[in-house]
Amino acid sequence: MSAPKSSDAYLSNSDTVRCLVCGDVKGQFSVLFKRVNSLQKKGGKFEVLMCVGDFFGSNHAAWEDYTSGRLKVPISTLILGPNKKEHVQYYESKDGQEMCENVTYLGSRGCYTGSSGLKIAYLSGIEAQQQTQDAWQFTKDDILTLTGPVASDNNYRGIDVLLTSQWPQSVQKYATPSQICQFVVKVLGRNYLNSNADFNMMFADVDQMEATCTSLLVGEVARLLQPRYHFCGLNGIFYERQPYRNHQIFAESGIHVTRFIGLAAVGNLNKDKGTQFFYDMHGGDTVKAGKRHSESGGNVNKKRKQVQPPGPCWFCLGSPDVEKHLVVSVGMQTYLALAKGGLVEDHVLILPIEHVQSYVTSPSDVQQEIISYKTCLKKYFKSRNKDVVFYERNYRTQHLQIQVVPVPQDVAMDLKECFLDMAQNISIELHEIPTHSDLSQIVPAGAPYFYAELPCGAKLLHRISSKFPLQFAREALAQPAVLDLPHRVDWRNCATTEAEATLMATTFKEAFQQYDFSL
């Protein structure tokens, strides 16, 4: 079934919960309920429709059609409170009310449990920026009231759905530059060229957007309530953040992940698509995101088919052969491990949890999480006065490995020349590709290659056509002008005992923890 034009999302369970969620209605009630009728004719009855953002618009007569009974609302509908002064007139009480048949205002804040047992937390309005609180605003006191019971409940395991109109602050954190660009272009109406100057402007605009369009308090609510889904409106775009965990890996037992979804307005001109979600109340951690479809039903998020290993893989996290004492961080799609026989003690690897041959053939969610780890690692090593080199050799390997090697900051600017000189000495063509280019669009799936990202921003690529020296990158980094470690070029000469490796991994994990996006 096609995704709704209004960027509605729906939660579905084959035998229990089937829900619809929509963004800003802005008084377009006939458009919304016509869409609901269409969905129900195609897919059967839904239990409830939940609306975030501005439910009302400027046309009061459109609402009178429903309060008078001339038109009927076809589904039980839950709405949030006002986000601006002109909409306060529609609400009689902050405690919630029945607005008309089948439309219920939940209230300013609280929790609601549906007939099926679906648990919904909600927070109406926008964050107050001053001491006084208007009828369409919330303050820190509202947050404490909403989250207070959680703080004293040691058995709390999260809620099903969190509804807020305003977005949480830093929701774009760890997104790729292209995602952030799309995000800000839609919200602020800016256009960017593919240049460093424009990308710097883009990130400055993100800071501007943070100050005007998001709420620190909403972020705190999401952190404490740990919803499985968090839906927002108001910003006028569809944006799905990569899922994030609600527990610390290895420190706490697994709970579930949160999926944040910002919804576009009903009847938006861009026809921003939503995503279909399948939610099993009885399954707990088995929440699944469905495939994204176009209006014609075609899949527009295809993943390249992965070549499976002929036998056990040393790097698949579920494999009995993986050396788990080297693991220092685990995300949703990827993990971080200390390199066995590393060039330096804090040489680590970024690896997919499941089997993936190379970055080029990896699914988009794996690529996005690799970028998130790169961002965190850059910050971590910078705090230790180091820069970092990332490289991948998709040649005579069966599992994607992004090598991460820190180098002293005073040699970082010489790295490009070191790599190019070494390549020239052994007659290898090492090409520099555009800074903001996507490797997946340059290298065909299945083709062998060597790829490196240097601290200066340079991206170096060699398309392997015959033989390639397996230790090329280690040899370049081990040169006297860089790390001066010629005796450590071969990883087999850098063996450590399991006890030594475990101690190094523990030390790295503890130091990296404050920068780790997965925690």
Side-chain angles (χ1 to χ4, degrees), residues 167-184 199 202-203 206-207 210 214 219 222-223 230 239-250 254 256-262 289 301 303 315 317 327-339 346 348-354 356 358-383 386-392 399-406 435-440 451-453 455 457 459 508-509 511-519:
W167 289 32
Q169 198 171 95
S170 301
V171 71
Q172 81 293 336
K173 195 173 184 181
Y174 305 123
T176 64
S178 61
Q179 288 176 314
I180 296 175
C181 182
Q182 181 185 34
F183 182 50
V184 182
F199 270 78
M202 178 185 73
F203 283 103
V206 170
D207 293 336
E210 286 279 87
T214 65
R223 184 184 71 83
H230 181 184
Y239 175 75
E240 181 181 351
R241 185 198 192 279
Q242 63 187 63
Y244 61 89
R245 292 182 180 272
N246 287 286
H247 62 277
Q248 296 185 29
I249 304 301
F250 301 135
H256 57 263
V257 298
T258 293
R259 288 174 167 83
F260 172 85
I261 300 142
N301 192 27
K303 296 181 179 180
F315 299 107
L317 193 56
V327 175
V328 295
S329 174
V330 181
M332 288 297 302
Q333 308 294 336
T334 60
Y335 70 100
L336 204 63
L338 205 67
D346 43 4
V348 294
L349 308 176
I350 307 173
L351 305 130
I353 291 174
E354 297 182 352
V356 176
S358 67
Y359 182 86
V360 167
T361 60
S362 61
S364 61
D365 51 358
V366 171
Q367 294 182 358
Q368 289 169 15
E369 198 163 287
I370 288 173
I371 293 170
S372 296
Y373 265 126
K374 286 180 177 179
T375 301
C376 295
L377 287 162
K378 287 178 182 177
K379 292 178 180 178
Y380 167 72
F381 285 119
K382 185 178 180 180
S383 72
K386 297 178 182 180
D387 283 316
V388 61
V389 175
F390 302 99
Y391 67 89
E392 177 195 2
H399 191 107
L400 166 58
Q401 305 165 46
I402 306 292
Q403 306 279 339
V404 184
V405 181
T435 303
H436 298 294
S437 58
D438 183 352
L439 187 65
S440 302
Y451 172 72
E453 294 179 4
K459 295 182 176 181
F508 183 93
K509 178 183 175 181
F512 179 64
Q513 191 170 31
Q514 63 177 304
Y515 301 91
D516 190 347
F517 78 95
S518 70
L519 299 181

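The structure presented is a predicted model; accordingly, all values stated were derived computationally and were not measured.
The shortest non-hydrogen separation linking Val328 to Lys509 is O-CG, 3.5 Å. The nearest pair of heavy atoms linking Pro352 to Leu400 is CD-O, 3.3 Å. The shortest non-hydrogen separation linking Ser518 to Gly331 is CB-CA, 4.0 Å.
The line from OG1 of Thr334 to CD of Glu354 is 11.5 Å long, rounded to the nearest 0.5 Å. Annotation: the span from Gln367 atom CD to Ser372 atom OG amounts to 12.0 Å, rounded to 0.5 Å. Taking CZ of Phe508 as the reference point, atom CG of Leu336 lies at 5.5 Å (rounded to 0.5 Å). Here the straight-line distance linking atom NZ of Lys379 with atom CZ of Phe512 works out to 10.5 Å at 0.5 Å rounding. Atom CG in Asp438 sits 5.5 Å away from atom OH in Tyr359 (nearest 0.5 Å). Rounded to the nearest 0.5 angstrom, Gln368 CD and Ser362 OG are separated by 10.0 Å.
Between Gln333 and Pro363, every side-chain heavy-atom pair lies at or beyond the 4.5 Å cut-off. Inter-residue side-chain proximity for Tyr515 and Phe381 is flagged as unmet; no heavy-atom pair is nearer than 4.5 Å. Asp516 is not listed as a side-chain neighbour of Tyr380, based on a closest heavy-atom distance of 4.5 Å or more. Taking the side chain as every heavy atom from C-beta outward, Tyr391 and Val405 approach each other to under 4.5 Å. Between Phe315 and Leu349, the closest side-chain pair of non-hydrogen atoms falls below 4.5 Å.
If you run side chain to side chain contact (heavy atoms under 4.5 Å, CB included) between Glu392 and each of Ile370, Ile402, Val360, Ile350, only Ile402 comes through.
Atom NZ of Lys382 has 12 or fewer neighbouring heavy atoms from other residues, nucleotides or ligands inside a 6.0 Å radius.
Two rings, from Tyr373 and Phe390, have their centers 6.0 Å or more apart.
The backbone N or O of Met332 sits less than 3.5 Å from a side-chain atom of Glu369, completing a donor-acceptor pair. With hydrogens and angles ignored, the 3.5 Å screen pairs a side-chain donor or acceptor of Thr361 with a backbone N or O of Ser358.
Classification of the Phe260-Trp167 ring pair by plane angle, with boundaries at 30° and 60°, yields perpendicular.
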